[in-house]
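Accompanying notes for the structure given below.
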Protein chains: 2
Amino acid sequence: MSTAPAFKRLPRAVREQQMLDAAVKVFSRRGFHAASMDEIAEDAGISKPMVYAYLGTKEELFVACLHREGTRMMQAIAGAAAPDLPADERLWRGLRAFFGFVGAYRDGWAVLYRQARGEQPFAGELATMRARLVEVVAGMLDHALRAEGREVAGTDLEVVAYALVGATESLADWLADHPEADPEKTATRMMNVAWLGAGQLLHGVTWRPASD
Amino acid sequence: MSTAPAFKRLPRAVREQQMLDAAVKVFSRRGFHAASMDEIAEDAGISKPMVYAYLGTKEELFVACLHREGTRMMQAIAGAAAPDLPADERLWRGLRAFFGFVGAYRDGWAVLYRQARGEQPFAGELATMRARLVEVVAGMLDHALRAEGREVAGTDLEVVAYALVGATESLADWLADHPEADPEKTATRMMNVAWLGAGQLLHGVTWRPASD
DNA sequence: GAGCATACCTACTCGTGCGTAGGGTTACGC
DNA sequence: GCGTAACCCTACGCACGAGTAGGTATGCTC
């Protein structure tokens, strides 16, 4: 008898994106465990069984979120930092893209990122992404140094890169918590710490000749 | 009639510590939500109601863990970095103490720290601690610069300090995940990045004169 | 050695939230 | 215009885990 249904019927691909949007939002607000599938479904404007039908288990749903956001970010960065530029310019553009991304998705991405670290099932996924970033940064540093005829042990390079990535993530958190802050400016600051600090260090200057 | 009881009766203070030990362990393994009070109680060798009687709610228990570990760490750092030393020496000793602490408590502290970031109720507690650290680091940098007759805007100082603290936490995570790594060496590396990078930067050298 | 506080337990209640069973309706191909 | 597949719903079952009720034993004090 059909009093026109309040809901539109939509193709699967669209609904999936809506669900992912809702999931990202709710997961980031509440955290993985505290988030309920019911709330996600409601926020997506759809009923729970649909979520299960399309995206599966709660864990699978979370992984899907992680995956989508992760890919987006990586593409944003990769797109900005073309490999044929000089290393410092690549680093700068990469940082700009990164902070721009975080600034745009604020509560979305950053908190999702914060979530994933805590829960065992997802820590691995995250670690992989971070590892890729570290590798890229280490690559840039290495490239820049070789261009100047210097050479540095791989491990040192990696640890320094790790520290830089950590500092960057930390500033991203700070940015996510300070809506008034300017992503561009944050990127500049990070660039300064990174390029100058790492540069100095890897050029052979050390604070204290390690006695061990 | 008393067939000697399998459990020893112990004074409250002792049991509380045992419970906290167990709680830290379980929380760090499983995460706040996934951890069950039953498991914590069992691991502490005691029954659940005792936990509630002594340490209260699950949330309160977690806060107690956070508090104990946090205080321990802060004391370790404060004890090492006496305020009458020159800034670089203070920073160095602080870092050594910090990484030493993380190295000693590995899965305990680091993962607990990772946990607290994700869950709203505790994020604040953590933020406060981090803020204190940032303040201290910023103070060191400021002190060092004033000694050389330079002056830097407060916000810049704070953001740089924030980045340094972030980098340090990041390396602490790395350390916690690499049991074979040497805390001392990690501290040296961090010291290099921190002191040289921040020093350069705050001395007025900039990578690119910010055009905004 | 009686009284009382403290340490300690077993065994429940009850809410919450994941995941599903089973069924209805719209569009699209033929 | 009719079958069939895709979209979508209202319920529920069921496990798990936080927190509690109510009681027992042990040691300490006077």
Side-chain angles (χ1 to χ4, degrees), chain A residues 1-23 25-65 115 118-122, chain B residues 1-23 25-65 115 118-122:
Chain A
M1 44 156 80
S2 61
T3 46
F7 324 73
K8 268 209 201 115
R9 265 164 110 79
L10 292 174
R12 174 167 186 155
V14 175
R15 275 277 129 92
E16 279 185 348
Q17 290 309 310
Q18 293 178 344
M19 290 176 187
L20 286 175
D21 290 342
K25 185 170 149 194
V26 175
F27 277 137
S28 61
R29 282 218 201 311
R30 306 241 188 263
F32 175 73
H33 279 280
S36 81
M37 293 298 266
D38 294 88
E39 188 179 351
I40 292 172
E42 191 189 336
D43 196 286
I46 205 91
S47 78
K48 206 171 31 156
M50 288 308 299
V51 181
Y52 280 90
Y54 285 173
L55 278 328
T57 303
K58 193 183 184 185
E59 283 203 2
E60 289 167 347
L61 175 59
F62 190 84
V63 170
C65 292
Q115 278 317 318
E119 321 284 341
Q120 282 83 347
F122 318 117
Chain B
M1 45 152 83
S2 61
T3 48
F7 323 74
K8 267 209 201 115
R9 260 161 115 68
L10 292 174
R12 175 168 185 155
V14 176
R15 276 276 128 92
E16 279 185 347
Q17 291 309 311
Q18 294 178 344
M19 290 176 187
L20 285 175
D21 290 342
K25 185 170 147 194
V26 175
F27 278 137
S28 62
R29 283 219 200 311
R30 307 243 188 260
F32 176 73
H33 279 280
S36 82
M37 293 298 266
D38 293 88
E39 188 180 352
I40 292 171
E42 191 189 337
D43 196 287
I46 204 93
S47 78
K48 204 170 32 156
M50 288 309 297
V51 181
Y52 280 89
Y54 286 172
L55 279 328
T57 304
K58 193 183 183 185
E59 283 204 3
E60 289 167 347
L61 175 59
F62 190 83
V63 170
C65 292
Q115 278 317 317
E119 322 284 340
Q120 283 81 350
F122 317 117

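In what follows, chains carry the letters A, B, and so on, assigned in the order in which the sequence lines appear, proteins first and then strands, with residues in each chain numbered from 1.
Between the CD atom of Glu42(A) and the P atom of dT10(D) there is a distance of 11 Å, given to the nearest Å. The nearest whole Å value for the distance from the NZ atom in Lys58(B) to the P atom in dT16(C) is 15 Å. In this entry the distance linking CG of Leu61(B) with P of dG17(D) reads 16 Å, nearest Å. Spacing between atom CD1 of Ile46(A) and atom P of dA6(D) amounts to 16 Å, rounded to whole angstrom units. Rounded to an integer number of Å, the gap from CZ of Phe32(A) to C1' of dC18(C) is 11 Å. If you measure from atom CG of Asp38(B) to atom P of dC12(C), you get 15 Å, rounded to the nearest angstrom. Ile40(B) places its CD1 atom 11 Å from the P atom of dG19(D), with the value rounded to the nearest Å. Protein atom CE of Met50(B) is 15 Å distant from nucleotide atom P of dT20(D), rounded to whole Å.
Counting distance only, with no hydrogens placed and no angle test, the side-chain atoms of Lys48(B) and the base atoms of dG19(D) include a donor-acceptor pair under 3.5 Å.
Checked against dC18(C), dA18(D), dC8(D), the side chain of Leu10(A) finds its nearest nucleotide in dC8(D). The nucleotide whose nearest atom lies closest to any side-chain atom of Pro49(B) is, among dT10(C), dG17(D), dA7(C), dT10(C). For Arg12(A), the listed nucleotide lying nearest its side chain is dC7(D); candidates were dT10(C), dT10(D), dC7(D). If you check dT10(D), dT20(D), dG19(C) against the side chain of Ser47(A), the one that comes closest is dT10(D). The side chain of Met37(A) has dC18(C) as its nearest neighbour among dC18(C), dG17(D), dC9(C). Nearest nucleotide to the Arg9(A) side chain, out of dC8(D), dG19(C), dT10(C): dC8(D). Counting only heavy atoms from C-beta on, Tyr52(A) has its side chain closest to dT20(C) among dG17(D), dT20(C), dT20(D).
Test Lys48(A), Met50(A), Glu42(A) against Ile46(A) for side chain to side chain contact (heavy atoms under 4.5 Å, CB included) and you get one pass: Met50(A).
At a threshold of 4.0 angstrom between heavy atoms, the contacts of Ala34(B) with the nucleic acid are absent. Counting non-hydrogen atoms under 4.0 angstrom, Ala35(B) reaches the backbone sugars and phosphates but no base.
Remark: Tyr54(B) is not in phosphate contact with dT6(C), judged by side-chain N or O atoms under 4.0 Å from OP1 or OP2. Residue Arg15(A) places no side-chain N or O under 4.0 Å from the OP1 or OP2 atom of dA6(D).
Between Phe32(A) and Phe62(A), the ring planes are perpendicular. Angles over 60° get that label, and only those under 30° would be called parallel.
With a 6.0 Å cutoff to the six-membered ring centre and a 45° limit on the axis angle, Lys58(A) does not count as a cation-pi contact of Phe27(A).
Proximity of Val14(A) to Gln18(A): side-chain heavy atoms (C-beta onward) are separated by under 4.5 Å at one or more points.
Note: Phe122(B) CZ to Gln115(B) CD = 9.5 Å, rounded to the nearest 0.5 Å.
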